[in-house]
Each structure stands twice: as C-alpha cells, then as structure tokens.
Amino acid sequence: MRKSQQLQRLFASMTLASACLVALPLRADDKWVVYEGKEGPGKGKHIVFVTGDEEYRSEESMPALAKILAVHHGFTCTVLFAIDKSDGTINPCQIDHIPGLEKLESADLMVMFLRFRELPDEDMKRILDYTNSGRPIVALRTSTHPFFYQKRKDSPYAKYTWNNPDPDFKGGYGRQVLGETWVAHYGVHNKESTRGLIAPGMENHPIVRGVKDIWGPSDVYQLTTLHGDCQPVILGQVLQGMEPGDAPNPDKKLYPVAWIKTFTGTSGKPSRIFTTTMGHGDDLKSEGLRRLLVNACFWGLGMEDRIPAAAKVDFVTPYDPVPIGYCKHRKGVKPADHKLP
C-alpha cells in the first residue's frame with residue numbers, strides 16, 4: 001500500500017474516532033434518566049415522568065419521586081426533562097424541547113408536571129396519543145396549564161392551550177382532560193401555605209390509605225368548578241403563614257387541591273386521572289404528600305389492592321431542592337447527574 005493511501009486511511013480513522021468522541025455527550029440516552037425497577041409490586045410496569053416548569057422545581061422533585069417508586073416499589077421510571085438545545089443541560093425555561101417523548105409509547109402511566117409548554121407538533125402528538133389511549137395520568141401543580149401556544153397559533157394542537165376560549169374546548173388540556181385550568185392564586189403566593197385535609201366521604205378511598213399530615217409551602221390554587229366527573233380527594237386549608245403550625249385563614253374556604261376523574265379520548269377507553277395543585281419544590285418534603293402521590297400511581301394503574309397500609313416513601317437520595325422562582329433552577333445540571341449512585 002502506498003504511503004499516501006496509508007496516511008489517508010489513518011486520517012479517516014482519526015476523523016471517525018474524533019466524531020465519535022464529540023458525539024458521545026449528545027447520545028439520546030443522556031437526555032433523560034431511567035431508574036430500573038427493583039423488586040416490588042410495580043415490577044414490569046413503566047412510568048414516564050414528563051417535566052418542564054419554570055418555577056416549582058419539578059426537575060428536582062420528580063426524579064426524587066421516581067426513585068421512590070423504582071427502589072421501594074419496583075416500577076421502572078423514566079424521567080424526561082426540558083433540555084437546553086445549546087448545551088444539553090436541564091433548562092425548564094426551554095419551553096419547546098423535551099427529548100424522549102417517544103418513551104410514552106411503552107408507558108403504563110404518565111406523570112405530568114408541565115407549565116406553558118409550546119412543543120413541536122410531533123411531540124404534542126406523542127403526548128396526545130398517550131392521553132387518548134385510555135392509560136392513566138397523574139398530574140401535578142402547573143399541569144392544569146401545561147400548554148400555551150403563543151407563536152404557533154395555527155398548530156393543530158393550539159386548542160390545548162390553557163386559556164382556549166372556544167366553548168367546545170374551553171380551558172384547553174387542563175380543564176378538558178384534568179378537570180380545571182389555571183384560574184388564580186387563592187392563598188397568597190409565598191405568604192400563605194397549605195394544609196391538606198381528606199375530603200369528606202373519601203376517608204376509606206385507597207388513594208388516602210396511610211396518608212396524614214399533608215402540608216406544603218405551596219399556596220392553594222383557585223378554581224371555577226371542577227369539570228367532568230371529578231371527585232375531590234384532598235381539600236386545601238389556607239394557612240396564615242409558611243409554617244405547618246400556622247393558624248388557618250378564617251376568611252378563606254376550603255378548595256380541592258387533589259381530585260380524581262376519568263377522561264375518555266378518541267380511543268373510547270376511559271383513563272383514570274389524578275390531579276393535584278400541590279407541587280412546590282418543598283411540598284415533597286411532606287411524607288403525607290409523598291404517600292398520596294405514590295398511592296395515586298398505584299390507583300391509576302388499577303393496582304389499588306396492592307397499596308399497603310403505609311407505603312414506604314423514604315427518600316432514596318438526599319432531597320434539598322433550590323428555592324422556587326422563575327428560571328432560578330440549578331444551572332449546568334444534566335440528566336446523568338440524577339442517576340442513582
């Protein structure tokens with residue numbers, strides 16, 4: 001072989017190796033995190049978490065919840081994030097990019113924590129295909145207003161925007177699928193916290209099995225009315241301060257902060273829906289709320305007979321989210337940083 005040919009082949013192999021090295025950090029698997037299910041009743045079930053909110057630290061709370069479900073209860077959990085297109089870091093202020101939504105095709109349950117997303121049509125189709133399939137949804141806090149089509153109002157999915165005024169689809173995805181859209185803060189934001197009380201008549205429902213002492217710094221969201229066949233599960237009592245021992249505000253009535261319902265989409269199959277308007281980053285520090293969320297996942301999957309008297313909800317790794325605030329998330333974090341040790 002001529003020396004020139006040898007040099008050309010060497011150069012080509014070096015170029016290919018360099019390309020592979022550059023491409024490694026951009027592998028699709030690095031854009032989400034997967035917690036393989038251990039032993040437990042959830043073994044063989046797949047839960048996909050779809051996160052992306054600018055304020056309440058779902059990018060930290062949902063991996064913590066997913067670890068609990070995987071390690072203590074055996075579910076395999078995939079957590080998707082809003083990813084910065086420029087550097088691959090988690091950036092909840094990137095409203096149009098959540099890689100991995102094709103994972104919903106194999107999901108048995110979708111856990112949603114979104115706010116004001118404007119996703120490409122192919123990604124919205126994946127979310128709507130799941131929504132219409134009859135499979136269950138657990139939705140938190142700002143998921144009552146998950147989509148906001150401001151730029152692409154001609155999108156076929158623009159009707160799912162949170163403030164859709166069309167009487168045939170008023171309130172968009174939140175109201176039509178989950179039971180309510182964004183209305184207003186009822187408790188004063190960052191000044192009045194929430195105590196969760198089991199709704200009358202729901203004391204024996206499997207979702208509240210072992211649940212007590214729900215409290216969180218999130219404020220109660222205002223509602224118009226709950227739509228569809230909603231049944232309140234937890235009522236929110238507005239407290240006058242930001243500590244669990246603070247007195248209730250006597251001038252503010254109880255509002256539902258968690259409810260269940262069904263939604264029947266284009267498949268004709270009814271799906272179980274659990275929605276809570278709690279979801280401040282620090283709300284997850286409440287053992288009662290963690291147990292409610294774990295129980296809701298079991299219930300959504302039709303596994304209420306497997307809910308123990310007091311589901312194990314201990315944190316798997318330390319949980320200390322940064323304070324809430326618009327686009328004040330931890331910078332430079334990648335999905336791989338959330339992997340189990």
- Which of these passes salt bridge (Lys or Arg N to Asp or Glu O under 4.0 Å) with D219: R195, K191, R141? R141
- Message: Checking Y160 against F147 for the ring pair (Phe, Tyr, Trp, His ring centres under 6.0 Å) test, could you report, in this order, the C-alpha distance in whole Å, the side-chain angles of both residues, the deciding distance, and whether it holds?
- Response: CA-CA 6 Å; Y160 294 99; F147 307 117; 7.2 Å; no
- Query: Can any side-chain N or O of T78 pair as donor or acceptor with the backbone N or O of V34 at less than 3.5 Å?
  - Reply: no
- Query: Does atom CG of D305 have more than 12 heavy-atom neighbours, drawn from other residues, nucleotides or ligands, at distances under 6.0 Å?
  - Reply: yes
- What residues, two or more places apart in sequence or in another chain, satisfy ring pair (Phe, Tyr, Trp, His ring centres under 6.0 Å) together with H72? none
- Is a side-chain N or O of Q240 found less than 3.5 angstrom from the main chain of P248, in a donor-acceptor match? yes
- Given side chains that start at C-beta, do those of L178 and P146 come closer than 4.5 Å, heavy atoms only? no
- Return the orientation label for the F148 and W162 ring planes: parallel under 30°, perpendicular over 60°, tilted otherwise. perpendicular
- Message: A cation-pi test, strictly: NZ or CZ of K67 under 6.0 Å from the centre of the six-membered ring of F315 and no more than 45 degrees from its axis. Yes or no?
- Response: no
- Report the C-alpha separation of V257 and V220 in whole Å, then their side-chain angles, then the decisive distance to 0.1 Å, and conclude whether the side chain to side chain contact (heavy atoms under 4.5 Å, CB included) test is met. CA-CA 7 Å; V257 294; V220 174; 4.1 Å; yes
- Query: Under the salt bridge (Lys or Arg N to Asp or Glu O under 4.0 Å) criterion, do R209 and E203 qualify, and how do the steps go?
  - Reply: CA-CA 8 Å; R209 191 172 298 156; E203 295 86 355; over 6 Å; no
- Task: Would you sort out whether D314 and R290 count as a salt bridge (Lys or Arg N to Asp or Glu O under 4.0 Å), showing the intermediate values?
- Result: CA-CA 9 Å; D314 303 38; R290 295 198 303 277; 5.9 Å; no
- Query: Can you tell me how far CG of L109 sits from CZ of F274, rounded to the nearest 0.5 angstrom?
  - Reply: 11.5 Å
- Message: Under 3.5 Å, is there a donor on one side chain and an acceptor on the other for S86 and D84?
- Response: yes
- Message: Closer than 4.0 angstrom, basic N to acidic O: yes or no for K125 and E102?
- Response: no
- Item | Pair listing, disulfide bond (SG atoms under 2.5 Å apart) test, anchored in residues 64-159, at least two apart | C93-C327
- Task: Establish, yes or no, whether the cationic atom of K45 lies under 6.0 Å from the six-membered ring centre of F75 and within 45° of the ring axis.
- Result: no
- Count the heavy atoms belonging to other residues, nucleotides or ligands that lie under 6.0 Å from NZ of K85, then report whether that count exceeds 12. yes
- Exam field: side chain S106 to backbone K103, donor-acceptor pair closer than 3.5 Å: yes
- So D123 and I98, side chain to side chain contact (heavy atoms under 4.5 Å, CB included) or not? Walk me through it. CA-CA 8 Å; D123 288 339; I98 301 178; 5.8 Å; no
- Message: Closer than 4.0 angstrom, basic N to acidic O: yes or no for R126 and E122?
- Response: no
- Task: Would you mind checking if D282 and K285 are paired as a salt bridge, meaning a charged N to carboxylate O distance below 4.0 Å?
- Result: yes
- Message: Can you tell me how the ring of H280 sits relative to the ring of Y56, calling it parallel under 30°, perpendicular over 60° and tilted otherwise?
- Response: tilted
- Query: Short question: side chain of K151, backbone of Y149 - any donor-acceptor pair under 3.5 Å?
  - Reply: no
- Task: Kindly confirm or rule out a cation-pi arrangement of K253 over Y255, judged by NZ or CZ under 6.0 Å from the six-membered ring centre and within 45° of its axis?
- Result: yes
- Item | K153 and E118: CA distance, side-chain angles, deciding distance, salt bridge (Lys or Arg N to Asp or Glu O under 4.0 Å) verdict | CA-CA 10 Å; K153 295 182 180 181; E118 189 167 5; over 6 Å; no
- Does the D53 side chain pair with the main chain of R115, one donor and one acceptor, at a distance under 3.5 Å? no
- Item | Under 3.5 Å side-chain donor-acceptor pair for Q94 and D96 | yes
- Does the side chain of I260 come within less than 4.5 Å of R272's, by heavy atoms? no
- Report the C-alpha separation of Y35 and H338 in whole Å, then their side-chain angles, then the decisive distance to 0.1 Å, and conclude whether the ring pair (Phe, Tyr, Trp, His ring centres under 6.0 Å) test is met. CA-CA 10 Å; Y35 306 114; H338 285 288; 8.3 Å; no
- Using a distance-only test with no angle check, is there a side-chain donor-acceptor pair under 3.5 angstrom linking E180 and T224? yes
